[in-house]
Amino acid sequence: MKLRNILLAGVAVTGLMTTSCNDYLDVDSPSMFEYDYVYSTTYDMNLALNGVYAKLMSPYSSLLVNNLILNSDIDFATFTSDTYGTGNSKRFDSTAESADANNLWRQCYNGIEYCNMFIAGVESSSIFDEEDADIMQMLGEAYCIRAILYHELVWYFGDIPYSRVPATKADDVRFPVVDRHTILDDMIADVEAIAPKMKATAEISEGVERIGRELAYGLLARMSLTAGGYTLEADKNDKTSVGIMKRPDNYLDYYKKAEKYAGEVIAMNSHSLTKSFIDVFVDECNNVINNSDDPIFEIPFAKDNSGNIGYIHGPKFNTNDSQTNYSWGGTSSSVRLHGLAPYLFDPDDIRQKYLFGIWNYAYDGKPSFESDSYTLYNNKWSKLWAKQGLGNTSAGSTGINFPYMRYTDILLMFAEASNEVHNGPTPEAVAALKQVRERAFRHTGNTADKVDAYIANASTKDAFLDIVLDERKFEFAGENLRWRDLVRNNIYGRELYYTFLRHCLIADQKIGQGDSYADKLTEHDGLSEGFYSDQIMLYPYYRTLENVGTVETMRLDGVDSDVAVDPIKVSAFPNTQLQYVDVYKIWSKYTADEAKKAKRVKANGATENLYNLTIENEMYNKHRSGDGYISAEVCYSLLGYVYRDRNTEVEYISNGHRTGVINSDFTAITDVPAEFPPVRYILPYPAAAIRDGAGVYVNYYGY
């Protein structure tokens, strides 16, 4: 059951914990009291720990679930300007004045300070006892939260200022910059020491809304993969250099740790993938807590008070005078997916059917099809999936939890680490991957082909890694993991280049060009020759339906007879009060004649066409305009890494400047680069931190 005690800053401490259920919000800061008072009882410790959780919530309200999900082949945001800005982090175009970088820095270090105060207070408390299960559990939660926040900081900033003591106890608040691997080693050691003393999820009354032993072990696996993987290291001899991709010489030791600790979670047998992929996220939108299924730890938000999950996701619901005609209110739907990403999925994958949204709503609830799709809505979460809305004028503060870690992540981390450690897939790694993939194809009744044979065909180390990373792409869209997976395996530049080519090819085919590199793209994507010209959905036929959960009977004259409408099309859209758009053979190409063969059999035996609507302009229509110029969205959405002008020239970007022409005539490209330069995904230290540091902090990476 979702927690209900709302712990607000400034509210009197007395009585706050007297009811049984709510989320963690701001409480009185531990620094407002003497340590002996705050930590004189376990009750006081728990109140202070709620304040630590409140600080963890801050960066996951928007920054780490929207603003700083960097562009990849699945998560994508478009840009229309070729002018470098201060905070276009998603396209690797940022400066020290970036508000997002500054806010992430401030929020994470604020949370770390709370952790440091809590840990110091507990360990110096007169009641501290390593044999007290409740105290050790709370201490473990704080160690894990500190590790989570430092882990985020090293991902985004590399080597960073580092402290393990409260600012009031430090000799100098200008903490020294420490190598990221030293920080990760410390965080791993902290959590390793405390994890065995923590409670399993089933032993915690709040369940996965608090950190249990499973998350501690999972966090160890995640940090170990980060520490053992590739990262962008600064060239300390050249501040103008974008940096060098490196991994430590002892990287295999970290992968062994990742295999071990992901294996510990699996061995606990406390989580499963019993629920469907769709139900996991629909439950989160309805505040249903599943303590033994996919979620390992959910960052807890409170309705009407915190969190933007489901407001920044799902179909766009437009407002009129800041309100709608329905109880859910408006949505911003700013978290998007790449417009061609559905074609990278198996057509039978339930995740493809659920994730990608292609229609929005007017304020009165009428759906409208969206074409010209550079990006698609991410339907993983939505306010609209809630059975009861927050009011027709509501916006954010949805209270929908964010799954920081899921059991699918545990299984796939284990598969990746085990494959690396043993130089190929082990039976245990195969079994872990099968669990994830089986859920995605459970509805097909064809797991022999879609799961068993698919995995069996990837028998080498490299091939198995490829399908594990693909599975992570399919599974974690919108969860801020994909770009990190690509960095860790030193393939981010390659995948960004092919992502760029997908939109370029759609644009070039509109003027009869692009054939010279189309085969390279389809080969990389594992698609059939000519796929992007022969199989892309251009003029989809659709209808709007009431989502009443019924299955119609229809006949496809000349194709099938008496075939039921695929029930997945109904169940994949969870709102039963709004109409939805049903597309005929979605994400495949067909003719108008074929679409018109889909007919309903009436009671009197007569038939009528089911799909009578089509869009006026073809999908992806604006990739190249009628006057021949390629769109700005195609050219500039990866401006910090790869760029093309509005006609033909293509260049790589280095240190924030266009340099190194790949080809002066893009349509004459016959191959892709043999090597890809590093992606400058690292953010600059914020200008405010540099000023406060009085010369201690210096930006590299060409900033």
Any carboxylate oxygen within less than 4.0 angstrom of a Lys/Arg side-chain nitrogen, looking at K473 and D470? yes

Sidechain-backbone polar pair: T240 side chain, G702 backbone, donor-acceptor under 3.5 Å: no

Please give me the minimum heavy-atom distance between M413 and G218, naming the atom from each residue. CE-O, 3.7 Å

Where the side chain of E214 meets the backbone of T201, is there a donor-acceptor pair that is under 3.5 Å apart? yes

Taking the six-membered ring of F476, is the NZ or CZ of R484 close enough (under 6.0 Å from the centre) and on axis enough (within 45°)? no

Do H151 and T226 have side-chain N/O donor and acceptor atoms under 3.5 Å apart? yes

Looking only at heavy atoms, which two atoms of Y636 and R91 are closest? And how far apart? O-NH1, 3.0 Å

Minimum side-chain heavy-atom gap N401-I309 below 4.5 Å: no

Side chains of S334 and N66: is there a donor and an acceptor less than 3.5 Å apart? yes

Could you tell me whether the side chain of N103 and the main chain of A99 form a donor-acceptor pair under 3.5 Å? yes

Report yes or no: do Y53 and E141 form a side-chain donor-acceptor pair below 3.5 Å? yes

If you define the side chain from C-beta out and look only at heavy atoms, does anything of V436 sit under 4.5 Å from F474? no

Rounded distance (nearest 0.5 Å) linking atom CG of L149 with atom NZ of K55: 11.5 Å

Residues two or more places apart in sequence or in another chain: which of them pass ring pair (Phe, Tyr, Trp, His ring centres under 6.0 Å) with Y150? Y162

So do the side chains of L139 and F128 get within less than 4.5 Å of each other, counting heavy atoms only? yes

Please tell me whether Y254 and E420 have a donor and an acceptor in their side chains that are separated by less than 3.5 angstrom. no

Going by distance alone, is a donor N or O of one side chain under 3.5 Å from an acceptor N or O of the other, for K256 and N250? no

Let me have the donor-acceptor pairs involving side chains of residues 681-695, under 3.5 Å, with sequence neighbours excluded, atom names and distances please.
{"from": "Y681", "atom 1": "OH", "to": "L232", "atom 2": "N", "distance (Å)": "2.8"}
{"from": "Y685", "atom 1": "OH", "to": "D159", "atom 2": "O", "distance (Å)": "2.5"}

Taking all non-hydrogen atoms of both residues into account, name the closest pair between N71 and F92 and its distance. O-CZ, 3.9 Å

